[in-house]
Amino acid sequence: MRLTDKLCENAGDIFRDSIVQADLSALSFEGDKNMANSKYEEKTVKTDPIFKGKVISLQVDHVRLPNGEIATREIVKHPGAVAVLAVHEGKMLVVEQYRKPMERSLVEIPAGKLEPGEDPAEAAIRELEEETGFRCESVRPVASFFTSPGFADEILHLYVAEGLTEGVAKPDEDEFLDFSAIDLATAKRYIAEGRIRDAKTIAAVYAWQMHALTGSYGP
C-alpha cells in the first residue's frame, strides 16, 4: 500500500470515529450561548469596517484580551454556504472549476453561498441542480462546520441528496465548470493526487466511505 493511500485510509478512520462520537447533523453554531461563553472570551471594544464586496466583507475588531490588553482581529464576514454529497448509481457527482485564489482547477462537490434569508436545505437543492442538472427529492444534513475560524465566520452546511433524477445544469453566468461522476476509489485517488483539496469535498468523500462501511453517514 502506498503511503498516500494509507494516509487517506487513516483520515477516513478519524473522520468516521469523530462522527460516531458526536451528532454532527445536529450542530448549530448560530446563537449558541453556551459555546460563546468562555473564560478566554475577547470582548469587542471597537469595529473598523474595511471593505464590503458582493460576497464578503472585511472588518478589524479591537478586542480586550483576558489579561486586559487590547489587540486587533482581522475578520472576514461571510453569509454562509452549502455543499451537497450526491451519489448516483454508485458515483459521486462533482464539478471541476478554476479557483482564482489557488490559481488552479479543483474537483469539488456542488456548493455555493447562501442568499439572504435562504434556508440552507433549499440552497443545497438549488446548487445541486444549477451545477449538475440533477434534482433531488430531499436533502439530509450531515454536518455544519466553520471553514476558517481563525479569521472568518463562514459556516458551511453539508448535506446528502436523496432521490436523484437527471436534468439540465444551469450554472451562473460567470461560472465555467465541467461536471462528472466518480467512484469512491477515484475520489480517494484525487485526494492523494491533490485534485481534490478543499475541506468540504474531503469531508464528503470520507462521509461517503463511512456510509459504504456502516450504512450511515452519521450516528
Side-chain angles (χ1 to χ4, degrees), residues 1-2 4-20 23-25 81-99 104-113 119-145 156-172 175-219:
M1 178 181 291
R2 295 182 306 166
T4 50
D5 291 337
K6 185 63 177 177
L7 290 173
C8 289
E9 180 180 312
N10 291 343
D13 293 338
I14 292 170
F15 183 81
R16 180 173 65 253
D17 292 344
S18 67
I19 291 184
V20 170
D23 186 357
L24 295 184
S25 64
V82 295
V84 188
L85 168 58
V87 179
H88 180 64
E89 297 180 348
K91 295 186 176 182
M92 182 175 71
L93 309 184
V94 295
V95 294
E96 183 168 5
Q97 57 187 319
Y98 189 81
R99 292 303 196 182
R104 56 169 294 177
S105 292
L106 292 174
V107 174
E108 307 173 32
I109 58 174
K113 72 178 180 67
D119 178 79
E122 293 178 359
I125 294 172
R126 171 180 57 77
E127 287 292 342
L128 176 65
E129 183 175 3
E130 287 179 359
E131 295 192 0
T132 70
F134 275 80
R135 299 177 181 178
C136 64
E137 295 177 359
S138 62
V139 292
R140 184 154 46 99
V142 176
S144 295
F145 53 89
L156 189 141
H157 306 279
L158 175 62
Y159 291 88
V160 59
E162 300 175 325
L164 293 167
T165 55
E166 194 169 356
V168 180
K170 302 173 183 177
D172 294 335
E175 255 184 336
F176 300 89
L177 46 82
D178 291 327
F179 160 71
S180 62
I182 59 176
D183 60 24
L184 182 56
T186 301
K188 294 177 70 175
R189 176 167 57 84
Y190 280 6
I191 293 173
E193 295 173 349
R195 293 187 65 185
I196 291 177
R197 192 169 279 189
D198 66 296
K200 67 181 184 295
T201 305
I202 293 174
V205 168
Y206 289 118
W208 180 22
Q209 176 175 266
M210 185 183 71
H211 182 267
L213 294 170
T214 69
S216 174
Y217 292 103

Over all atoms of both residues, closest heavy-atom pair of [X] and [Y]:
{"X": "G194", "Y": "L106", "result": "O-CD2, 4.2 Å"}
{"X": "M92", "Y": "A187", "result": "CE-CB, 4.2 Å"}
{"X": "T201", "Y": "E108", "result": "OG1-CA, 3.3 Å"}
{"X": "V160", "Y": "V142", "result": "N-CG2, 3.9 Å"}
{"X": "T132", "Y": "P110", "result": "CG2-CG, 3.6 Å"}
{"X": "A121", "Y": "Y159", "result": "N-OH, 3.3 Å"}

From [X] atom [atom1] to [Y] atom [atom2], the distance as rounded to the nearest 0.5 Å:
{"X": "E89", "Y": "D183", "atom1": "CD", "atom2": "CG", "answer": "13.0 Å"}
{"X": "I196", "Y": "R189", "atom1": "CD1", "atom2": "CZ", "answer": "10.0 Å"}
{"X": "K188", "Y": "Q209", "atom1": "NZ", "atom2": "CD", "answer": "4.0 Å"}
{"X": "S105", "Y": "Q97", "atom1": "OG", "atom2": "CD", "answer": "8.5 Å"}
{"X": "I109", "Y": "E131", "atom1": "CD1", "atom2": "CD", "answer": "10.0 Å"}
{"X": "I191", "Y": "D198", "atom1": "CD1", "atom2": "CG", "answer": "9.5 Å"}

Do K200 and L158 pass the side chain to side chain contact (heavy atoms under 4.5 Å, CB included) test, and can you show the C-alpha distance, the side-chain angles, and the key distance before you say yes or no?
-> CA-CA 7 Å; K200 67 181 184 295; L158 175 62; 5.6 Å; no
Is any side-chain heavy atom of [X] less than 4.5 Å from a side-chain heavy atom of [Y]?
{"X": "E137", "Y": "E162", "answer": "no"}
{"X": "L93", "Y": "V84", "answer": "no"}
{"X": "I125", "Y": "E122", "answer": "no"}
{"X": "Y217", "Y": "L85", "answer": "yes"}

Look at atom CZ of R126 and say whether more than 12 heavy atoms of other residues, nucleotides or ligands are closer to it than 6.0 Å.
->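 It does: R126 CZ has more than 12 such atoms within range.
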K91, NZ: over 12 other non-hydrogen atoms inside 6.0 angstrom =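 Atom NZ in K91 is not packed in, count stays at 12 or less.
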